[in-house]
Amino acid sequence: NPTPRVFSGIQPTGIPHLGNYLGALQSWVSLQEEFSSVLYSIVDLHSITVPQNPDALRDSVLDMTACLLACGVNPAKSCLFQQSQVPEHAQLGWILSCLTSLPRLRHLPQWKMKSESQKNEGSVGLFTYPVLQAADILLYLSTHVPVGDDQAQHLQLTQDLARIFNYQYGEFFPIPRALMGSSKKIRSLRDPLVKMSKSDPHTLATVRLTDTPDEIVMKFRKAVTDFTSEVTYDPEKRPGVSNMVAIHSAVTGLSPEEVVKQSRGLETAQYKHVVAEAVITKLTPIREEVHRLRGDKGFLREVLTRGTHRARELAAPVYDKVCRIIGL
Ligand code: ADP
Ligand code: NA
């Protein structure tokens, strides 16, 4: 059996939001305790599939590093590194792209969505980035990948490519498994029918990890609910209030039923303040740590350099073997 190994990546696109934290980063932190080999990559090669400003991109990599550390990613327990600094990602990506058919990529829903947002003039890189994602995972012979359900089809592509390679050249890559978070999708505070997302143009829709307490209170106060003042949990019929219950539950660790019980007698307007306070309690230490770390860019670069070094030690021998296997 292959050594259990977790791999996950996040694009360096600004300060993560509450959805990223509750849906992904929190589980990244706990996986460090459950697995002895864990790699987390800031996937800057994926960011450049759409236009980027060079200085902003460089800053974003360091900001994301600060945010991950502040959330509890611990470089002593997991290998935290910058994807572009390990050239084997792009190299294995090329090899896997030669095993991928065009129709296989054309059918991925994210391509349709993202290329439409580029007015259907998306780059070749945007089209093939799921292959690079497969390379990210397979390069470390990873066995477990924490993914949101929006990424499930990309992990299937990774599994298919591992199987295609193994079938053609003999068993080599473990077939990586999804670790589906049990956490719920966090929804936009302005439109509870869509998920909270960094690309939401409405500034009040998304709570960022570095929002001040005042900003958090204001965003929750303006959150869209409905015309019933009681607090209940019914995501189908009452998505707005239920989103707040889900957030409240996620930041306190209590079940939705428990937070509803605690909030009996409150009107939704009052409840918004309770949830805002719970979010502030959760995010304050993170916000303070992000600010502290952002002031020490030398330290952040050092963390990435050390992580990159360890990642290359794992990646290089795997890539060499792949080359030998296929005759390069
Ligand atoms: P965004 O949707 O804001 O662009 P990403 O696609 O970069 O965020 O997602 C990074 C990680 O955060 C993924 O694992 C994704 O599943 C998770 N995630 C993103 N938005 C949410 C959300 N609203 N609720 C829960 N998890 C989320
Ligand atoms: Na996404």
Side-chain angles (χ1 to χ4, degrees), residues 6-31 38-50 52 57 60-61 63-65 67-68 71-73 83 108-114 116-118 126 129-130 132-133 136-137 142 144-156 158 176 178-211 219 223-224 235 239-240 242-251 256 279 282-283 286:
V6 171
F7 180 93
S8 198
I10 190 160
Q11 291 193 34
T13 36
I15 301 292
H17 54 74
L18 200 54
N20 298 138
Y21 177 67
L22 299 173
L25 302 182
Q26 236 181 4
S27 76
W28 283 24
V29 174
S30 51
L31 287 170
V38 179
L39 293 112
Y40 295 132
S41 183
I42 298 175
V43 290
D44 50 353
L45 293 175
H46 287 284
S47 312
I48 61 164
T49 55
V50 296
Q52 297 289 335
L57 180 57
S60 293
V61 169
D63 277 351
M64 185 54 79
T65 308
C67 288
L68 294 178
C71 288
V73 170
Q83 179 195 29
L108 294 172
Q110 294 243 343
W111 162 247
K112 283 196 187 133
M113 227 171 59
K114 291 199 175 179
E116 271 162 26
S117 75
Q118 300 285 304
L126 185 65
Y129 95 91
L132 181 59
Q133 235 175 15
D136 298 337
I137 295 164
S142 312
H144 294 80
V145 185
V147 284
D149 47 11
D150 49 344
Q151 290 291 324
Q153 271 160 308
H154 291 176
L155 187 66
Q156 263 166 33
T158 303
L179 286 171
M180 288 290 192
S182 57
S183 49
K184 297 191 175 62
K185 273 273 164 289
I186 303 303
R187 295 165 179 278
S188 160
L189 295 183
R190 297 303 299 175
D191 175 4
L193 298 181
V194 304
K195 67 170 203 159
M196 187 177 283
S197 168
K198 60 173 168 279
S199 44
D200 197 317
H202 202 299
T203 50
L204 294 175
T206 304
V207 174
R208 303 268 175 179
L209 295 187
T210 50
D211 282 356
K219 287 177 181 180
V224 170
S242 302
N243 186 39
M244 266 183 287
V245 171
I247 292 171
H248 193 186
S249 146
V251 297
V279 169
K282 186 77 182 178
L283 294 190
I286 296 175

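Atom set for the values below is all heavy atoms of this structure, side chains included, hydrogens, waters and symmetry mates excluded. When a ligand or atom number is given, it counts from 1 through the structure's own listing order. Along the sequence shown, residues are numbered consecutively beginning with 1.
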Practice task
Report the residues that fulfil side-chain contact (heavy atoms from CB on, under 4.5 Å) with P235, sequence neighbours left out, ordered by chain and then residue number.
Solution key: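 P235 satisfies side-chain contact (heavy atoms from CB on, under 4.5 Å) with Y233, S242 once adjacent residues are dropped.
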Practice task
Before signing off on this row, confirm whether I10 and ligand 1 have an N or O atom pair separated by under 3.5 Å.
Solution key: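 In this structure, I10 places no N or O atom under 3.5 Å from an N or O of ligand 1.
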Problem - S199 N/O under 3.5 Å from ligand 1 N/O - result: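 No - when backbone and side-chain N and O of S199 are compared with those of ligand 1, no distance drops under 3.5 Å.
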Practice task
From atom 20 (N) of ligand 1, work out which of K195, H46, R187, Q26 has a heavy atom at the shortest distance.
Solution key: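 Among K195, H46, R187, Q26, the closest heavy atom to atom 20 (N) of ligand 1 comes from K195.
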Handout entry: Pick from I186, D200, N243: the one approaching atom 24 (N) of ligand 1 most closely through a non-hydrogen atom
Key =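 Ranked by closest heavy atom to atom 24 (N) of ligand 1, first place is I186.
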Problem - Check ion pair K219-D211 (N to O, under 4.0 angstrom) - result: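 Judged by the 4.0 Å cut-off on N to carboxylate O distance, K219 and D211 do form a salt bridge.
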Any donor and acceptor pair, going by atom type alone, linking the side chain of [X] with main-chain N or O of [Y] inside 3.5 Å?
X: N20; Y: H17; result: yes
X: R208; Y: I15; result: yes
X: S8; Y: Y40; result: no

Problem - 4.0 Å heavy-atom contact, N20 with ligand 1 - result: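 N20: in contact with ligand 1 (<4.0 Å).
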Practice task
Please state whether K185 comes within less than 4.0 angstrom of ligand 1, counting heavy atoms only.
Solution key: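 Right, K185 reaches ligand 1.
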Problem - For G23, the ligand 1 atoms whose distance to one of its heavy atoms is below 4.0 Å - result: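 Listed by number with element: 25 (C), 26 (N).
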Problem - Atom indices of ligand 1, in the order listed, that fall short of 4.0 Å to a heavy atom of A24 - result: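 Once the distances to A24 are compared, the set is 11 (C), 12 (O), 14 (O).
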Practice task
Identify, with sequence neighbours excluded, every residue that meets ring-ring contact (aromatic ring centres under 6.0 Å, His included) alongside Y129.
Solution key: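 Y129: ring-ring contact (aromatic ring centres under 6.0 Å, His included) contacts with H46, H154.
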Exercise for the section: Give the contacting part of S197 toward ligand 1: side chain, backbone, both or neither, where contact means a heavy-atom distance below 4.0 Å. Expected result: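 Both backbone and side chain of S197 come within 4.0 Å of ligand 1.
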Practice task
Indicate, as side chain, backbone, both or neither, the part of Q151 found under 4.0 angstrom from ligand 1 when only non-hydrogen atoms are considered.
Solution key: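 No part of Q151 is near ligand 1 at this cut-off.
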Problem - Q83 to D136 - nearest heavy-atom pair and separation - result: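 Heavy atoms of Q83 and D136 come nearest at NE2-OD1, 2.9 Å.
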